[in-house]
Amino acid sequence: MEWLTAPFEVAFVQRALWAGALVSAICALAGTWVVLRGMAFLGDAMSHGLLPGVAVAALLGGNLLVGAVASAAVMTVGVTALGRTPRLSQDSGIGLLFVGMLSLGVIIVSRSQSFAVDLTGFLFGDVLAVRESDLVLLGVAFLLALAVSVLGHRAFLALAFDERKARTLGLRPRLAHAVLLGLLALAIVASFHIVGTLLVLGLLIAPPAAALPWARSVHGVMALAAVLGAAATFGGLLLSWHLRTAAGATVSALAVSLFFLSHLASGLRHRRRTRSTGAPARAVTFTANAPTTRPNET
């Protein structure tokens with residue numbers, strides 16, 4: 001069993017494991033709503049939209065996290081504002097912001113001749129370079145994400161399944177949407193240092209999507225997604241140690257692999273139930289009040 005424990009006897013791998021577990025928990029809280037609302041493109045756009053702020057911070061010798069927070073704030077405000085434009089679809093607004101922020105970031109990067117290494121870390125992360133101070137920041141980010149998720153759960157739930165009902169109940173769906181964007185930005189900012197912006201969707205989308213067929217409530221999806229994300233972190237670090245591969249990319253690839261395995265197992269389970277009972281398999285869906293079931297549309 002030495003091959004299983006040897007990597008985690010090293011201090012920087014231990015810190016990487018703790019960081020990955022915290023990021024997995026944060027991404028589970030935000031990513032569950034991303035999956036339920038079909039906001040994957042928005043998550044991708046926001047992760048790439050961090051580039052201008054990070055580039056400016058790096059060129060000025062400042063804190064990259066501060067630059068990422070600034071860009072995330074601009075993206076959040078921009079998406080919220082464009083979402084209220086009646087003649088422009090939300091996807092179009094997100095796409096324009098995505099291209100605009102990414103182009104601005106590349107222009108800033110092109111002005112520097114020594115930014116290649118920093119850009120590589122921004123795109124792909126460096127989980128093995130996590131410091132103790134980073135763990136403290138991730139812990140604070142997790143507590144903040146947890147508080148936002150608890151306080152906004154009712155509004156987020158109504159918004160995810162019936163925006164008109166949310167408005168009827170006085171839950172202020174526009175404000176809830178803006179807060180949800182802030183939660184997504186928090187998860188992306190917390191994650192980009194670990195797995196990079198190109199790979200952040202691996203932890204943001206894959207674990208909640210993998211948990212969806214097995215959980216019977218939103219809380220269940222979040223809890224299982226956090227466990228799956230932590231498992232992907234552990235397995236990814238273990239594989240990268242022995243195979244000498246990029247740690248962040250290995251973690252993200254394993255998370256995506258767990259998604260495919262989960263849905264394959266779920267499909268086999270439904271087929272087995274259909275054969276044994278002769279009745280259509282029933283899949284779990286969620287409503288604003290409680291989970292219900294419906295026949296699979298296959």
Side-chain angles (χ1 to χ4, degrees), residues 4-32 43 46-47 50 54 57-58 63-69 72 117-118 120-149 183-208 210 222-258:
L4 187 63
T5 60
F8 302 100
E9 294 175 356
V10 182
F12 66 84
V13 181
Q14 293 175 3
R15 290 195 296 269
L17 180 60
W18 278 107
L22 286 170
V23 166
S24 296
I26 297 170
C27 286
L29 294 172
T32 296
M46 292 191 70
S47 65
L50 301 185
V54 173
N63 191 315
L64 299 186
L65 183 61
V66 174
V69 170
V117 175
D118 293 326
T120 301
F122 169 76
L123 293 175
F124 302 104
D126 191 1
V127 66
L128 298 179
V130 172
R131 301 163 297 181
E132 291 184 2
S133 58
D134 294 325
L135 293 179
V136 174
L137 289 175
L138 286 174
V140 172
F142 168 69
L143 293 177
L144 180 58
L146 183 62
V148 171
S149 298
L183 179 62
L184 175 59
L186 175 63
I188 291 172
V189 170
S191 305
F192 91 93
H193 179 61
I194 307 303
V195 293
T197 58
L198 287 181
L199 305 175
V200 66
L201 286 185
L203 288 179
L204 189 67
I205 303 296
M222 290 178 176
L224 184 54
V227 172
L228 291 174
T233 300
F234 178 86
L237 291 174
L238 183 65
L239 289 174
S240 69
W241 177 274
H242 292 292
L243 300 178
R244 297 184 179 181
T245 56
T250 307
V251 170
S252 183
L254 188 56
V256 174
S257 298
L258 289 177

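- The two atoms that bring L201 and G43 nearest to each other are CD2-C, 3.9 Å, heavy atoms only.
- Note: F234 and F8 have parallel aromatic rings, judged against thresholds of 30 and 60 degrees for the angle between ring planes.
- Contact between A190 and V23 at its shortest, heavy atoms only, is O-CG2, 3.8 Å.
- The two residues A145 and I26 make their nearest non-hydrogen contact at CB-CG2, 4.3 Å.
- Within 6.0 Å of atom CH2 in W241, more than 12 heavy atoms from other residues, nucleotides or ligands are found, so the atom counts as buried in its surroundings.
- Separation of atoms CG (L237) and CD (Q14) is listed at 11.5 Å; rounding is to 0.5 Å.
- A pairwise comparison of heavy atoms in M46 and A185 identifies CE-CB, 3.6 Å as the closest pair.
- Exactly one residue among S252, P208, S24 makes a side-chain contact (heavy atoms from CB on, under 4.5 Å) with L203. That residue is S24.
- Listed here is the closest heavy atom pair of V127 and G248: CG1-N, 4.0 Å.
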* Asked: Does the pair S149 and L183 meet the rule for a side chain to side chain contact (heavy atoms under 4.5 Å, CB included), with working shown?
  -> CA-CA 8 Å; S149 298; L183 179 62; 3.8 Å; yes

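- Under the 4.5 Å side-chain criterion, counting only non-hydrogen atoms from C-beta, L184 is in contact with L204.
- Using a 4.5 Å cut-off on side-chain heavy atoms (C-beta onward), P207 and C27 make no contact.
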* List the steps, then state whether side chain to side chain contact (heavy atoms under 4.5 Å, CB included) holds for L17 with V13. => CA-CA 6 Å; L17 180 60; V13 181; 5.7 Å; no

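- Taken from CG in L22 to CG in L143, the straight-line distance is 9.0 Å, to the nearest 0.5 Å.
- Once rounded to the nearest 0.5 Å, the distance linking CZ of R15 with CZ of R131 reads 10.0 Å.
- A206 approaches A255 most closely through the heavy-atom pair CB-O, 3.5 Å.
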